[in-house]
Trainee: 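Could you have a look at this structure, given as structure tokens, before my questions?
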Amino acid sequence: MTVLVLAAKAALAVLFLASGGAKLADIAGFAATIRLFVPARAVSRVPPALPSAGFAVAAAEVVAGGVSLCWPELRWVNLVVLMLACGLAAAAAVGYARHRDRPCHCLGALSRQGFSARTLVQALVVLAAAALACQRLHPAAQLRLGTGMHVLLLAAAGLLAAAACTAAHALAKTGASGMVA
Amino acid sequence: MIWAIGFTALGVVLCAAAALAFLGIAQVRLSGAGAIERDGLATGTRAPSWSLSDSAGVMHTSPPALPLQLVIFADHSLKSFPSVADGLRELIAGDSLLQIVLILRQPSPMAEPVLAELGLGEVSVLTGSPVLYADYNVRVGPFLIFVDSAGLVRASSLVNYSWQVAKLRQIAGLPVAAAQR
């Protein structure tokens, strides 16, 4: 059980680091997805706030993923990750119900997926993993990371977020309409 | 201690694997003919600003003073595309409100004589840089990008034939919202 809990924790941290990093590279694209969830009456009033909301979500994912990976002993981070997973599942469910096949930008420009049954199942798997990661570890398996381990994980987290951001940025730029024909 | 080492190793391996995977995905999607056809900048996006002087010392800028500017990304190899040269000659002859400049990726003493030989002596040849090409998201030529006086991209495409040059000019004349459809 301990192995499963720690594996879920590490996998979720990596997922949120990558997802947040990729979204940071294409805030405009992610803001367009957030716009889908704004009530029609309010759409005309919120556009200036959408990029800020997109940035806030992406930054929250990077921070939650980074802290969860680098300081796994902090239990409150598990709850933050669980809340993010709940939000992801709710967005996937509403997207599947109302905006099927519209781009979800779950991984920024790295993902071409639209809202579908598949994205909903993926979001539910993430939610289940987040719930699993919240399980209390056996006292003998409590994590006590040394300074070197913290530094190593921090470097790995930074590398992953930067790689996801770079790759997504390169793909987001290829937004031209294609060769004239 | 064993759990801490295991978690650190798992976290580092997952981060490295994910980073390599994302960079690999981007590389695969950005390579190949299909990807190159989607180079350039999307209509309505802001084009890079620059000031460059031609061989006669005349300064050219982007955004242009005229209503429309055609930026050609090519070099002396334009000779291999006689149909494109035909299209450009027709543009020069029929559009007095269009500023046409050719930007080289690197200095090329052959470019101006070859252009003159092709009947394109009126085109200003500017020496750009690989960085400027990257800013325009252009990898191969001949590539044309129309920019208006507000600095917005009006049309963008790789071209091989004169009819593509003419069609791109037509698209550049459309309002930005219509051209984005």
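What's counted below: heavy atoms across the whole structure, side chains too, no hydrogens, waters or symmetry copies. Every chain is numbered from 1, with letters handed out A, B, ... down the list of sequences.
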Trainee: Write down the atom of B/Leu115, the atom of B/Leu78, and the distance for their closest heavy-atom approach.
Mentor: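 So the two residues come closest at CD2-CD2, 3.7 Å.
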Trainee: Strictly less than 4.5 Å between heavy atoms, which residues of residues 53-70 of chain B line up against chain A? Please order them by number.
Mentor: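 Answer by number: none.
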Trainee: Against chain B, work out which of A/Ala157, A/Gly21, A/Ala156 has the most heavy-atom pairs shorter than 4.5 Å and name it.
Mentor: A/Ala156
Trainee: To the nearest 0.5 angstrom, please state how far the OG atom of B/Ser124 sits from the CD1 atom of B/Ile103.
Mentor: 10.5 Å
Trainee: Verify, without hydrogens or angle tests, whether B/Arg89 (side chain) and B/Leu118 (backbone) share a donor-acceptor contact under 3.5 angstrom.
Mentor: yes
Trainee: Tell me which of these, A/Thr166, A/Leu159, A/Leu145, has more heavy-atom pairs under 4.5 Å with chain B than the rest.
Mentor: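 Looking at each of A/Thr166, A/Leu159, A/Leu145 in turn, A/Leu145 comes out on top.
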Trainee: With rounding to the nearest 0.5 angstrom, report the OG1 to CG distance, B/Thr45 to B/Leu152.
Mentor: 7.5 Å
Trainee: Can you find a side-chain donor-acceptor pair between A/Ser19 and A/Glu61 that sits under 3.5 Å?
Mentor: yes
Trainee: Checking an interface table here. Which of residues 9-22 of chain B come within a heavy-atom distance under 4.5 Å of chain A?
Mentor: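 Within residues 9-22 of chain B, near chain A: B/Leu10, B/Gly11, B/Val12, B/Leu14, B/Cys15, B/Ala18, B/Ala19, B/Phe22.
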Trainee: So, does A/Lys23 use its side chain to make a donor-acceptor pair with the main chain of A/Cys106 at under 3.5 Å?
Mentor: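 Here the side-chain-to-backbone pair exists.
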Trainee: Can you say whether A/Ala7 sits under 4.5 Å from chain B via the side chain, the backbone, both, or neither, judging by heavy atoms?
Mentor: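 Contact with chain B: backbone and side chain both.
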Trainee: Please find the pair of heavy atoms, one from A/Leu12 and one from A/Ala133, that lie closest to each other, and give the distance.
Mentor: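 Heavy-atom minimum between the residues: CD1-CB, 4.3 Å.
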Trainee: Tell me, do A/Leu171 and A/Leu110 make a side-chain contact under 4.5 Å, heavy atoms counted?
Mentor: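 Contact flag for A/Leu171/A/Leu110 side chains = yes.
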Trainee: Strictly distance-based, threshold 3.5 Å: is any side-chain N or O of A/Arg75 a donor or acceptor partner for the main-chain N or O of A/Cys134?
Mentor: yes
Trainee: Looking at B/Leu174, is its backbone amide N or carbonyl O close enough to the side chain of B/Arg154 to form a donor-acceptor pair, meaning the two atoms are under 3.5 Å apart?
Mentor: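 Checking the backbone N and O of B/Leu174 against the side chain of B/Arg154, a donor-acceptor pair under 3.5 Å is found.
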Trainee: Within the side chain of A/Ser116, is there an N or O that forms a donor-acceptor pair under 3.5 Å with the backbone of A/Arg118?
Mentor: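 Yes: the side chain of A/Ser116 pairs with the backbone of A/Arg118.
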Trainee: Of all of A/Ala167, A/Cys70, A/Ala13, which one pairs up most often with chain B through heavy atoms under 4.5 Å apart?
Mentor: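 Among the listed options, the one with the most contacts to chain B is A/Ala167.
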Trainee: Can you establish whether the number of heavy atoms outside A/Gln135 located under 6.0 Å from its atom CD is more than 12?
Mentor: yes
Trainee: For a side chain to side chain contact (heavy atoms under 4.5 Å, CB included) check, start with the C-alpha distance between A/Leu50 and A/Val38, then their side-chain angles and the critical distance, and finish with the verdict.
Mentor: CA-CA 10 Å; A/Leu50 287 178; A/Val38 177; 4.1 Å; yes
Trainee: Quick check: does any side chain N or O of B/Ser83 sit under 3.5 Å from a backbone N or O of B/Ser162, one acting as donor and the other as acceptor?
Mentor: yes
Trainee: Which atoms of B/Ala134 come close to chain A, meaning under 4.5 Å heavy atom to heavy atom: side chain ones, backbone ones, both, or neither?
Mentor: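 The backbone, not the side chain.
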Trainee: Sort by residue number and list every member of residues 93-101 of chain A having a non-hydrogen atom under 4.5 Å from chain B.
Mentor: none
Trainee: Taking ring pair (Phe, Tyr, Trp, His ring centres under 6.0 Å) as the test, write out the residues that go with B/Tyr133, two or more places apart.
Mentor: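 Partners of B/Tyr133 under the ring pair (Phe, Tyr, Trp, His ring centres under 6.0 Å) test: B/Phe73.
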